[in-house]
**Student:** 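A single structure is presented below for examination.
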Amino acid sequence: MTAAVVDVLSVLVQAYDERREVNGWQIISAARRSGAAVYGALDNLEDVGWVEARWDPPEPNPAKPRRRLYTLTGAAARTARDGLAELPLRTPRPRPALGASLLRTAS
Amino acid sequence: VKAILALLGTIALGIAVNELSDVSPWLARKLVTVSARIRYGDTARSEVRTEELTAVIADRPGKVLKLGTALWFVATALAARLSRAAAGEAESDTPSFLRMGELPSELVAQYLFPTELFRGEWRRHWIHLAKSWALTLLIASLAIPAVHGWIKPTYANWLTLAIVLGGLTFMAFRGAGWYLNRFVLSNRRLMYTEGVVRRRVGMMPLMRVVDLRYEQSGLGRMLNYGTFFLESVSRVSMLRRIVDLPSPNELYLRVVEEMYEPEAVEARIAAAQSDETDEPSTATAPDADMIVAAVARLAAAVTEISATLSRWNLPVPRTPSDGVSRPETANDASGNHISENHLATSKQVTDPRG
């Protein structure tokens, strides 16, 4: 299991707990992963039957592309929550502030 | 005159930037659909992802950022498709570099002493061969016009033939060299063997490796290869720098584990072997057919990708005519109706079934 899959799973587990469905862009921005990495993970999770997806809105509309909403299946959510709990605590990926070192004076 | 030119230049630049920021969301939508086609081919998932990724790009804020995201989608899709093609459709769940308890190929077995334990052997990544072939082809394609330009026609044809034959021989030689190269890890040492005619065998005891590092270029990270640097106590070593090794991080961990935790490796091999006792052994030495098949698959994938893309012809970019006079819509959230408008036109022209 790659780190990207772990990040995507934790986003999905959180959404499952809050009884929400999340779309692709929400996963990408919440997981802070590139779109390609997220979709690679979603492909794998879909292949093993961990996530279910539905179109939003359900019927196709030629003028506007539909979003796709993802949820974990109940069994997968439990497995994933247990699995994630066993992982060493992951600190959020740090984003250093730009130019912070320039402004700070050397002490 | 200069001032007028500068003024005109500024205006042109402004228009160009404005046009670019208008065109880039459109281009981004085109690119993500292209990336879905490349990545998933003609599967059912391709249709789903094509529509879905268009929606994702529409959600993604920032006009130029949309383009960047889309370009990254295309790049990773290409890399994924090509490396999948070169490796063949996955035969085994575990990647070859993680399979434990394999036997050395005959090529390597002759260099191992009886009591040492073989841990694995690796060929260089295929990019190594690809680089060498690309360079040969480049030089040949420059040399042939040069020959025709500067040498009497009587001799020019013979010389062209000589260049073609020489180039092909060289490429075959390089191919054989790549096929015969092995980087070997045993419980005692790192070893490297190479050479078609002139054969070189080098080694470094694991005990004497004082520093081990690897580097990956951007392309290396996409295609998963890297260059290893080994510092040893001795100053001169054939193993100081080994370019284009596959899966560098896994390889790195394998070597480091062998140095620090040899018992753990032993235990894992024992476990893997007890799992495999009821199955026939799948550990087979790689043979030349595999390489030929991999190259053929790669070529097939390239033609297939270009076929999928050409079947679904890309429309000519339609620059919005009201691009300059339009009220400011730099803030993407406020320009919702405009992006919908864009989507409508693009959907119309890109639908593959007309």
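Keep in mind the model is a prediction, meaning the values are calculated, not measured. Chain letters run A, B, ... following the sequence lines, proteins first and then strands; every chain starts at 1. As a basis for the values below, the full set of heavy atoms in this structure was taken, side chains included, without hydrogen atoms, waters or symmetry mates.
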**Student:** Could you give the distance from CG (A:D47) to CZ (B:R45), rounded to the nearest 0.5 Å?
**Tutor:**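 With rounding to 0.5 Å, CG (A:D47) is 4.5 Å from CZ (B:R45).
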**Student:** For the residue pair A:W25 and B:P61, what are the closest heavy atoms and their distance?
**Tutor:**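 Reported closest heavy-atom pair: CZ2-CD, 3.3 Å.
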**Student:** In Å and rounded to the nearest 0.5 Å, what is the CD1 to OG1 distance from A:I28 to B:T69?
**Tutor:**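 Answer rounded to 0.5 Å: 7.5 Å.
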**Student:** Under 4.5 Å heavy-atom distance to chain A, tell me which part of B:L53 shows up: side chain, backbone, both or neither.
**Tutor:**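 Interface part for B:L53: side chain.
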**Student:** Please lay out, stage by stage, how A:W55 and B:V48 fare under the test side-chain contact (heavy atoms from CB on, under 4.5 Å).
**Tutor:** CA-CA 9 Å; A:W55 287 113; B:V48 174; 3.7 Å; yes
**Student:** Can you name the closest pair of heavy atoms from A:A36 and B:T76 and give their distance?
**Tutor:**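 Of all heavy-atom pairs spanning A:A36 and B:T76, the closest is CB-OG1, 3.0 Å.
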**Student:** Shortest non-hydrogen contact from B:R39 to A:G40?
**Tutor:**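 In this case the closest contact between B:R39 and A:G40 is NH2-CA, 3.7 Å.
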**Student:** Which atoms of B:V32 are under 4.5 Å from chain A, going by heavy atoms: the side chain, the backbone, both sets, or neither?
**Tutor:**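 Neither part.
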**Student:** Taking atom CH2 of B:W72 as the centre, report whether more than 12 heavy atoms of other residues, nucleotides or ligands fall under 6.0 Å from it.
**Tutor:**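 Counting other residues, nucleotides and ligands, CH2 of B:W72 stays at 12 neighbours or fewer.
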**Student:** Could you go through B:T54 and A:R66, starting from their C-alpha distance and side-chain angles, then the distance that decides it, and tell me whether this counts as side-chain contact (heavy atoms from CB on, under 4.5 Å)?
**Tutor:** CA-CA 8 Å; B:T54 318; A:R66 294 171 293 170; over 6 Å; no
**Student:** Heavy atoms under 4.5 Å from chain B: which residues of residues 67-78 of chain A carry them?
**Tutor:**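 The list, in residue order, reads A:R67, A:R68, A:Y70.
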**Student:** Apply the test side-chain contact (heavy atoms from CB on, under 4.5 Å) to residues B:R49 and A:L42: give CA-CA distance (whole Å), side-chain angles for both, the deciding distance (0.1 Å), then the verdict.
**Tutor:** CA-CA 11 Å; B:R49 291 284 187 253; A:L42 284 177; 4.2 Å; yes
